[in-house]
Amino acid sequence: MFSSRLLDWYDAHARDLPWRVGPKARAAGAQPDPYRVWLSEVMLQQTTVATVTPRFEAFLTRWPDVAALAAAPLEDVLGEWAGLGYYARARNLHACAKVVADELGGVFPDTEEWLITLPGIGPYTAAAIAAIAFDRTAVVVDGNIDRVMVRIENIARPIREAKAEIRASAAERTPDQRAGDYAQGLMDLGAGVCRPRNPDCLLCPVAEFCEARAAGVQDELPVKPAKKARPVRHGVVYVGLREDGAVLTERRAAKGLFGGMAGLPGGAWAEGEAPKAAPPVKARWREAGTAEHTLTHFHLILTVMTAKIKEAPEGLFWTADLETLPTVFRKAVKIAA
DNA sequence: CAGACGTGGAG
DNA sequence: TCTCCAAGTCT
């Protein structure tokens, strides 16, 4: 049977990850900490294990439990998240921590239905937490499992169009025992064996069930949707430097791009000519160069202005730790310094 | 429901 | 260098 093959493989090949209770410990009765499972799942959304690992450790050291995280100022959480991207995750993480700590007595809900009501927890994460943290049977479908199912069933349509079929395929294979190990095993399989490029079918424990493999088309799947051109936007940023290296920053709007993060003052970002923007303070501004940064839906070219500044004007503040800035602004500061 | 929403690493 | 990607969610 599919699931027992997968579970046997997981027992032998599970990755050792800082947030994971491995199959051996699990079998011996160890229970995962729901806080760790939740934190790791949110960090891992659209983010690689390699990127997440050190950041997970740092978060856990700074905020060991949900009560500590809930008590932290949002700005601190956003600063710790800087560089990880998709900052709505950090805003929702903090909002979720507050709900759990303040309204649920510090206890994470243990069902998909409850979990999905929390900020930043969607269908995937709700199912993953229910399965991994609480060993509840749940149909967990992430990008890895999409890919595995598309190959197993030889589905030659883009994933987005085949969601229902993929889910049905995942559901009929999900065992009612060891839900967490099964979900993690499938994800490990997708990450290490049934990879996006060059799947290693010779190592695959479920190759005999795979229709794509049987047809020899595993390398053609999943079918990717046509990619659209990335527009180029231009803008200006002002890097005001204090003698000790601190940078003049402003708090960005609560939502939208880099929402809630500390950022550099400057104008809007638009296609064509960079919109004019007045300096945040009167000084001897000079052009230091340009910084470029590619985001998901556009490429950005920033003209970097810089000056030495002594006093922060009303509404702005000094940032000494550049690690608390989104990468795009850190790049601009580097051009100026 | 397509689009907004980041970034660093692999090939 | 440059494209593609990585455990999605929200609107």
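A note on names: the letters A, B, ... follow the listed sequences, proteins ahead of strands, and every chain is numbered from 1.
- Atom-to-atom, CD of A:Q46 to P of B:dC5 comes out at 15 Å; the value is rounded to the nearest Å.
- OP1 and OP2 of C:dC5 both lie 4.0 Å or more from every side-chain N or O belonging to A:T48.
- Distance A:K163 NZ to B:dC1 C1': 14 Å, rounded to the nearest Å.
- The residue A:I145 sits apart from the nucleic acid: no heavy atom pair falls under 4.0 Å.
- Note on A:K224: every side-chain N or O is 4.0 Å or more away from OP1 and OP2 of C:dC4.
- Among the atoms of the strands shown, only primed sugar atoms or phosphate atoms (P, OP1, OP2) are found under 4.0 Å from some heavy atom of A:T327.
- If you check every strand for non-hydrogen atoms under 4.0 Å, A:G83 touches sugar and phosphate atoms only.
- Residue order along DNA chain C, read from the 5' end via each residue's closest nucleotide, puts A:R197 first among A:R160 and A:R197.
- When heavy atoms are screened at a 4.0 angstrom cut-off, A:I116 is found touching no nucleic acid atom at all.
- Between A:Y124 atom OH and C:dC10 atom P there is a gap of 14 Å when expressed in whole angstrom units.
- In the set B:dT7, C:dG8, B:dG6, C:dG8 carries the atom at the smallest distance from any side-chain atom of A:T125.
- Among the protein residues, A:R55 comes within range of no part of the nucleic acid, since none of its heavy atoms lies under 4.0 Å from any strand.
- The distance between atom CD1 of A:I121 and atom P of C:dC10, rounded to the nearest whole Å, is 9 Å.
- A:E208 CD: more than 12 foreign heavy atoms inside a 6.0 Å radius.
- At the heavy-atom level, A:W81 lies nowhere under 4.0 Å from the strands shown.
- Spacing between B:dG8 and C:dT9 at atom P, rounded to whole Å, works out to 22 Å.
- Following rounding to the nearest Å, A:L93 (CG) and C:dC10 (P) show an atom-to-atom distance of 12 Å.
- Taking atom CG on A:L257 and atom P on C:dT11, their separation rounds to 16 Å, with Å as the unit.
- Comparing A:N198 and A:R91 against DNA chain B, the residue whose closest nucleotide sits nearer the 5' end is A:R91.
- Listed pair A:Y86 / C:dC10 fails the phosphate criterion, with no side-chain N or O lying under 4.0 Å from OP1 or OP2.
- Here the side chain of A:Q45 is nearest to one of B:dT7, C:dA6, C:dG8, namely C:dG8.
- Between C:dG8, B:dG8, B:dT7, one nucleotide has an atom nearer to the side chain of A:R330 than all others, and that is B:dG8.
- Whole-Å rounding puts the A:L300 CG to B:dT7 P distance at 10 Å.
- Remark: side-chain polar atoms of A:R286 are not paired, donor with acceptor, to backbone N or O of A:T306 under 3.5 angstrom.
- Residue A:L93 holds its CG atom at 12.5 Å from NZ of A:K98, rounded to the nearest 0.5 Å.
- Atom NZ in A:K255 sits roughly 6 Å away from atom P in C:dT11 (whole-Å rounding).
- When distances run from any side-chain atom of A:D142 to the nucleotides C:dG8, C:dA6, B:dT7, the shortest one goes to C:dG8.
- Nearest-nucleotide mapping onto DNA chain C: of A:R147 and A:L118, the residue sitting toward the 5' end is A:R147.
- Centroid-to-centroid, the aromatic rings of A:F134 and A:F108 stay 6.0 Å apart or farther.
- At the heavy-atom level, A:K228 lies under 4.0 Å from the strands shown only through sugar-phosphate atoms.
- With a 6.0 Å cutoff to the six-membered ring centre and a 45° limit on the axis angle, A:R15 does not count as a cation-pi contact of A:W9.
- Comparing the same atom, P, in B:dC5 and in C:dA6 gives a spacing of 23 Å after rounding to whole Å.
- The residue A:V52 sits apart from the nucleic acid: no heavy atom pair falls under 4.0 Å.
- For the side-chain contact (heavy atoms from CB on, under 4.5 Å) test with A:H293, the passing option among A:V328, A:L302, A:I301 is A:V328; the others fail.
- Remark: the A:T294 side chain and the B:dG6 base include no donor-acceptor N/O pair separated by less than 3.5 Å.
- Contact annotation: A:H297 side-chain N/O to B:dC5 OP1/OP2 distance is under 4.0 Å.
- The phosphate of B:dG6 (OP1 or OP2) has no side-chain N or O of A:H293 nearer than 4.0 angstrom.
- Results of the side-chain contact (heavy atoms from CB on, under 4.5 Å) test with A:I309 over A:L316, A:L241, A:V281 single out A:V281 as the only residue that passes.
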